[in-house]
There are 2 protein chains.
Amino acid sequence: MALDRAQVVDAAWHILQTYGLGDLSMRRLARELGVQPGALYWHVANKQELLAVLAQRMVGPLETSSIRPAGAAGDDAAALLLVARFRSLVLAVRDGADVVSVAHALDPLGMQPVPLLVTALTSQGRSPENAETVALTLTRFTLGSVTAQQTRESMELPTATMREEFEAGVRAILA
Amino acid sequence: MALDRAQVVDAAWHILQTYGLGDLSMRRLARELGVQPGALYWHVANKQELLAVLAQRMVGPLETSSIRPAGAAGDDAAALLLVARFRSLVLAVRDGADVVSVAHALDPLGMQPVPLLVTALTSQGRSPENAETVALTLTRFTLGSVTAQQTRESMELPTATMREEFEAGVRAILA
DNA sequence: ACCTGAACACCGTTCAAGT
DNA sequence: ACCTGAACACCGTTCAAGT
């Protein structure tokens with residue numbers, strides 16, 4: 001019953017969701033799994049690789065259940081829905097924006113929600129160039145917004161207006 | 001010739017610019033100043049306060065030299081210039097976006113460039129509500145973009161397209 | 001008023017050696 | 001193949017005691 005990679009990732013996921021990035025250390029993770037810190041390095045290359053896997057897990061749900069809203073041509077409802085779901089998924093994990101921001105930076109056009117947004121926007125009649133611009137803009141704005149919100153949450157400051165500010169921003173970008 | 005707060009901040013500023021946030025530790029800072037780590041806590045409350053001061057220093061130049069471009073009414077040239085200068089200032093300091101993002105989260109409407117943008121946008125005929133939305137959207141998009149770029153720079157990955165992506169995003173938001 | 005010395009409770013990563 | 005033990009080079013913060 002030796003440790004395997006899935007157990008390491010699952011335990012890391014649990015710590016991240018429950019206690020946040022500040023508590024997700026390799027030493028804490030090892031303690032939780034009942035092994036020495038060095039043992040983890042048999043299963044993952046380093047902490048950065050582990051965080052990349054967690055980022056993938058956060059945005060994974062976007063790829064399934066792509067309920068295409070039957071909107072009129074020229075209607076950006078699909079993109080609007082995608083970016084709202086992306087925000088929800090990242091917001092639901094403590095310090096999620098920090099983790100996903102690194103993954104996005106490493107692979108801007110490959111990491112979700114960018115490719116799904118590009119597809120949604122081109123099928124609505126936008127040029128590939130414009131779709132890519134808007135997809136990157138929406139993604140980076142969303143990460144900037146959620147970073148701000150989660151920073152405030154970690155300090156127990158109010159965030160009541162931030163959802164509306166996000167939605168108004170998305171409308172401005174898609175306008 | 002006792003140490004004072006200005007010397008602490010200046011030394012921190014130097015380390016941040018030269019080596020980045022990963023090297024800006026209280027212990028490293030103390031070593032550079034030739035004191036014990038505990039001595040710093042006479043001059044600053046904690047590391048977070050120090051980073052807030054550094055964020056202010058980064059965006060400080062925005063407030064002077066507000067060369068108002070004599071554009072036609074309805075022209076967003078002033079906002080465009082402001083956000084471009086904001087990006088340059090943050091981009092010029094290693095990990096600048098991480099530091100400024102926290103300061104923005106703590107005081108979204110008070111931290112620059114937001115108040116300057118609101119002024120520029122309202123004087124161009126936008127409503128206060130719309131000006132605030134656009135100012136926050138531009139600021140959070142810029143922080144998201146620079147975070148991505150500086151993450152790539154720290155890993156020595158190419159960033160050739162990122163300036164154009166930023167400018168296209170700004171145009172989409174102001175459109 | 002300002003700083004040292006020393007401690008407390010931690011980090012990520014490596015690697016010889018064990019099983 | 002997988003893990004331990006032990007080390008290396010670090011963290012932020014506190015606080016009695018010194019000057």
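Quick note on labels: first sequence line is chain A, next is B, and so on, each numbered from 1.
Atom CZ in A:Arg5 sits about 17 Å away from atom C1' in D:dA1, given to the nearest Å. Between the CH2 atom of A:Trp42 and the C1' atom of C:dA16 there is a distance of 14 Å, rounded to whole Å. Rounded to whole angstrom, the span from the CG atom of B:Leu40 across to the P atom of D:dG12 amounts to 10 Å. Counting to the nearest Å, the C1' atom of D:dC3 and the CD atom of A:Gln36 are 9 Å from each other. Between the CG atom of B:Asp4 and the C1' atom of C:dA1 there is a distance of 13 Å, rounded to whole Å. Whole-Å rounding puts the B:Arg28 CZ to C:dC11 C1' distance at 17 Å. Between the P atom of C:dC10 and the CG atom of A:Leu24 lies a distance of 15 Å, rounded to the nearest Å.
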Shorter than 3.5 Å, N or O on both sides, protein versus nucleotides 13-15 of chain C: list them out with atom names.
unit_1, atom_1, unit_2, atom_2, d
C:dT13, OP2, A:Tyr41, OH, 2.7
C:dT13, OP2, A:Lys47, N, 3.1
C:dT13, O5', A:Tyr41, OH, 3.3
C:dT13, O4, A:Arg27, NH2, 3.4

Can you tabulate the close N/O pairs, meaning under 3.5 Å, that link protein atoms to atoms of nucleotides 17-19 of chain D?
none

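In this structure, the side chain of A:Gln124 engages the main chain of A:Asp75 through a donor-acceptor pair within 3.5 Å. No donor-acceptor pair under 3.5 Å is formed between the side chain of A:Thr18 and the backbone N or O of A:Ile15. Judged purely by atom type and a 3.5 angstrom limit, A:Arg152 uses its side chain to pair as donor or acceptor with the backbone of B:Ala105. For the pair A:Arg5 (side chain) and A:His43 (backbone), a donor-acceptor distance under 3.5 Å is present. Under the 3.5 Å distance criterion, the side-chain polar atoms of A:Asp107 are matched with a main-chain donor or acceptor of A:Gly110. In this structure a side-chain-to-backbone donor-acceptor pair under 3.5 Å is missing from B:Glu153 to B:Thr159. The backbone N or O of A:Ala97 sits less than 3.5 Å from a side-chain atom of A:Gln150, completing a donor-acceptor pair.
Here B:His43 reaches the OP1 or OP2 of C:dC3: one of its side-chain N or O atoms lies under 4.0 Å away.
Separation of atoms CZ (A:Phe141) and OG1 (B:Thr137) is listed at 4.5 Å; rounding is to 0.5 Å. Between the OH atom of B:Tyr41 and the CG atom of B:Asn46 there is a distance of 7.0 Å, given to the nearest 0.5 Å.
The one candidate from A:Val83, A:Val59, A:Leu121, A:Leu62 that meets the side-chain contact (heavy atoms from CB on, under 4.5 Å) condition with A:Leu116 is A:Leu62.
Hydrophobic cluster membership of A:Met162, counting Ile, Leu, Val, Met, Phe, Trp and Tyr whose side-chain heavy atoms lie under 4.5 Å apart directly or via other members: none, as it forms a cluster of its own. Cluster partners of B:Trp42 are absent, since no Ile, Leu, Val, Met, Phe, Trp or Tyr has side-chain heavy atoms less than 4.5 Å from it.
Near DNA chain D, meaning a heavy atom under 4.0 Å away, there are no residues from residues 14-23 of chain B.
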As a check on the pairing definition, encode DNA chain C in dot-bracket form, counting Watson-Crick and G-U wobble pairs whose two distances are under 3.5 Å, and using | for partners outside this strand. ||.|||||...|||||.||

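Using atom P as the reference point in both D:dA9 and C:dC8, the two lie 23 Å apart (nearest Å).
Across every non-hydrogen atom of A:Thr142 and A:Leu138, the tightest pair is OG1-O, 2.7 Å.
Neither side chain, B:Asp10 nor B:Gln7, offers a donor N or O lying under 3.5 Å from an acceptor on the other.
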